[in-house]
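Report on the following structure.
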Amino acid sequence: MDFSIRAANVEDCKDIARMILELAEYEKIVDHVKITQKDLEQDGFSKNPFFHGIVAEVPEQHRTKDGHTKIGYALYFYSYRSWSGRAIYMEDLYVMPEFRGKGIGKALMSKVAQLGLAAGCGQLNFTVLDWNKSSLDFYLNQGCTDVTTDMGYHYMSCKGEALEHLAQP
Amino acid sequence: KMEYKLRKAEPKDVPDILRLVKELAKYEEMEHQVTLTEKDLLEDGFGETQFYHCIITEVQGEDSSDGLKVVGFAMYYFTYDPWVGKQLYLEEFYVMQEYRVNKNQTQTRLGIGSGLLRHLSNLAMKTRCTGMMFVVAENNEPSVQFYKRRGAEDLSQEEGWRLFRFDKNSLVKMATPAEE
C-alpha cells in the first residue's frame, strides 16, 4: 500500500486528537483523555512546542469509510539522560486497525529514530502496557530492550493532590 | 543544623554537575556508563537548544574562608502526555551522602532532598504541569519509600507500564530504511 510520512502541522491536530482517542480506547482508558484539539495546537505548534508529531497519510483512493486519509501518527519529544546525554522519547505510536500489517508502524518508528539520530540522540525510549502482547512483540522484534524487566526500572508519577501537597511550604 | 542555598544552575556549575552525576553512578556501581562530558553538559544545558534544566544546592564550606560547595542537584525537563498535557520529568536527583538528613537526627528544617523536591513540585504547578514523572529502580528501597511517602504512584505496578529502550546501535538499524 502506498503511504507517506511527514512532519505534522497545526492543521493535523484535528486528526491527531481523533487518533489519540482511538489509541486511548484501544488501551481501555478513554476517560483519562483531557487534552483537546485546541490544547494540541497550543502545546505542539507555538514558539516553544512541548512535543513534535509525524503523520502517516494514504492517497484518496484508500481513505477510510469516514473519509480519513491521515491514518497513523507518532508523537515525540527530546529528553536527556544524566549518564549519556541527548535522547528521544516516543510518547505515542498509532496506526488505525485497518492499515496495520503494512509496515506503516515500522516506518513511523524509523522516522522517529532518524530524527533522533539527526539531533544527536543516543537512545529512543517509550513505554508499553504489559498486557499489550502484539505491541510488545512488535517492539521486541525491532531490537529494543524491556528496561522495566531487565533493570527493574519503574515509572513513577506524582500528580493531583500529592503534587499540590508536595509543593506546599 | 543544615543551612543550604538552592538556585538555578549556571554554566560555571557544569564541572560540579558532572562530578555529582559520576558520584551517583559510582554509588550504583555504573561509573563506566557515564559517557557525558562537560562539553555536552554546557552545550545541552546552556546552548541554543536547552535539553535539560538543573537546580543545585550549596552549603558553606567548613572554614569561613571556603566558598560555597555544591552538594546536591536535580536535573529535569518538560515532557508531554497527550492525555493530560505537560509533565515535569525528573531525570536525576542527588544529594551527597554526608549532607543528607539521617532518620535519627532531629531536624528543624527540611533536608536538602525534600527541599529540592518541594521546589520542583512548586515549579511543576507554576508551569501548569499536571504531574511530575520519574523512574526508580525497584530494588532501590530507600528511594522507593522516599517517593511513596510523598504520594508518588508506581505506574509500572499499578497500570502495567513497562519502559522500553532502543540503544544507539538499534537506533541506527531502525533508522535505515529496509530494502523493499
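A quick note: this is a predicted structure, and the numbers were derived from the prediction, not measured. In what follows, every chain begins at residue 1, and chains take the letters A, B, ... in the order their sequences are listed.
- Among the candidates E91(B), K168(B), M133(B), M125(B), the residue making the largest number of heavy-atom pairs closer than 4.5 Å to chain A is E91(B).
- Of the atoms belonging to T130(B), it is backbone heavy atoms, and not side-chain ones, that fall under 4.5 Å from chain A.
- Between R86(A) and E43(B) there is a salt bridge, with a side-chain nitrogen of the basic residue lying less than 4.0 Å from a carboxylate oxygen of the acidic one.
- When heavy atoms are compared at a cutoff of 4.5 Å, M132(B) approaches chain A by way of both its backbone and its side chain.
- For the pair R100(A) and Y26(A), the cation sits on the ring face: its NZ or CZ lies under 6.0 Å from the ring centre, inside 45° of the axis.
- In this structure, chain A has a heavy atom under 4.5 Å from the side chain of Y77(B), while its backbone stays farther away.
- Between D66(A) and R18(A) there is no salt bridge, since none of the side-chain N atoms of the basic residue sits less than 4.0 Å from a carboxylate O of the acidic one.
- Of the two parts of E28(B), only the side chain, counted from C-beta on, holds a non-hydrogen atom closer than 4.5 Å to a non-hydrogen atom of chain A.
- Among the residues in residues 135-147 of chain B, those with a non-hydrogen atom closer than 4.5 angstrom to a non-hydrogen atom of chain A are V135(B), V136(B), A137(B), E138(B), Y147(B).
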Fill in: Trace of the side-chain contact (heavy atoms from CB on, under 4.5 Å) decision for Y94(B) with R100(B)
CA-CA 10 Å; Y94(B) 176 72; R100(B) 292 179 207 166; 3.4 Å; yes

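- A distance-only check finds no donor-acceptor pair linking the side chain of S82(A) to the backbone of V21(B) [under 3.5 Å].
- Ring-centre distance between F77(A) and F51(A): not below the 6.0 Å cut-off.
- A donor-acceptor contact under 3.5 angstrom links the side chains of D39(A) and T36(A), judged on distance only.
- For Y76(B), there are no side chain to side chain donor-acceptor pair (under 3.5 Å) partners at least two apart in sequence or on another chain.
- In this structure, no portion of L24(B) lies under 4.5 Å from any heavy atom of chain A.
- Heavy atoms of E153(B) lying under 4.5 Å from chain A belong to its backbone as well as its side chain.
- At a 4.5 Å heavy-atom cutoff, the contact between D81(B) and chain A is made by backbone and side-chain atoms alike.
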Item to complete: Assess whether ring pair (Phe, Tyr, Trp, His ring centres under 6.0 Å) is satisfied between Y4(B) and Y99(B), documenting all intermediate values.
Response: CA-CA 10 Å; Y4(B) 67 91; Y99(B) 295 96; over 10 Å; no

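- Side-chain atoms of N141(A) do not come within 3.5 Å of backbone N or O of F138(A) as any donor-acceptor pair.
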